[in-house]
Amino acid sequence: MLILSRKIDEKIKIGENITITLIDVHGDQVKIGVEAPKNVKVFRQEVFDAIQNENKAAVVEETGNKKTISAVSELSKLLKK
């Protein structure tokens, strides 16, 4: 994990197309802005986790097969690399 220090209005570049800007720091809360192409999905971690859980639950409902869940989990791991 790369850890960076930034001041308000300073930016972090990820590749050529993604920019993270530190907007505000207030107490223990930090506000950031994310500029990314529309094809790049940006989620808070808890939202991403909820989507993943819903997708897994939908597969179980559709198939009723736990082997499918294992395959979906493996595919998710590969896509995260």
Side-chain angles (χ1 to χ4, degrees):
M1 174 187 303
L2 174 63
I3 299 173
L4 302 170
S5 297
R6 299 279 71 200
K7 294 179 182 174
I8 293 176
D9 292 328
E10 291 185 331
K11 300 176 186 296
I12 298 168
K13 288 293 289 183
I14 301 175
E16 294 181 14
N17 298 324
I18 300 173
T19 303
I20 309 288
T21 305
L22 182 61
I23 304 295
D24 189 27
V25 178
H26 191 72
D28 64 349
Q29 190 174 54
V30 176
K31 291 184 181 179
I32 61 170
V34 180
E35 294 176 57
K38 289 186 178 196
N39 67 324
V40 175
K41 296 178 181 178
V42 179
F43 299 104
R44 296 185 321 241
Q45 183 68 49
E46 63 274 17
V47 172
F48 180 81
D49 293 342
I51 292 168
Q52 293 295 314
N53 290 335
E54 287 294 321
N55 288 343
K56 289 176 186 176
V59 169
V60 169
E61 281 181 25
E62 270 186 35
T63 65
N65 185 345
K66 291 192 178 189
K67 287 184 181 178
T68 303
I69 289 297
S70 178
V72 169
S73 295
E74 290 303 315
L75 181 58
S76 289
K77 288 177 191 173
L78 289 172
L79 292 173
K80 288 179 186 176
K81 290 183 179 181

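No hydrogens, no waters, no symmetry mates; every other heavy atom, side chains included, goes into these values.
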Fill in: Cluster check Val40, Phe43: I/L/V/M/F/W/Y, side chain < 4.5 angstrom
no
What side-chain donor-acceptor pairs closer than 3.5 Å can you find for residues 22-35, not counting sequence neighbours?
none

Could you go through residues 3-12 and list every donor-acceptor pair under 3.5 Å that involves a side-chain atom there, pairing it with any protein atom two or more places apart or in another chain?
{"unit_1": "Arg6", "atom_1": "NH1", "unit_2": "Lys11", "atom_2": "O", "d": "3.1"}
{"unit_1": "Glu10", "atom_1": "OE1", "unit_2": "Lys7", "atom_2": "N", "d": "2.7"}
{"unit_1": "Lys11", "atom_1": "NZ", "unit_2": "Thr21", "atom_2": "OG1", "d": "3.2"}

Practice prompt. Go through the structure and list residues passing side-chain contact (heavy atoms from CB on, under 4.5 Å) with Asn17, not counting sequence neighbours.
Written response: Pro37
Worksheet item: In chain order, what residues pass the side-chain hydrogen bond (donor to acceptor under 3.5 Å, both in side chains) check against Lys41, with sequence neighbours excluded?
Response: none
Worksheet item: Of all residues at least two apart in sequence or in a different chain, which pass the side-chain hydrogen bond (donor to acceptor under 3.5 Å, both in side chains) check with Glu46?
Response: Arg44
Worksheet item: With sequence neighbours left out, what residues match Gln45 under side-chain contact (heavy atoms from CB on, under 4.5 Å)?
Response: Phe48, Asp49
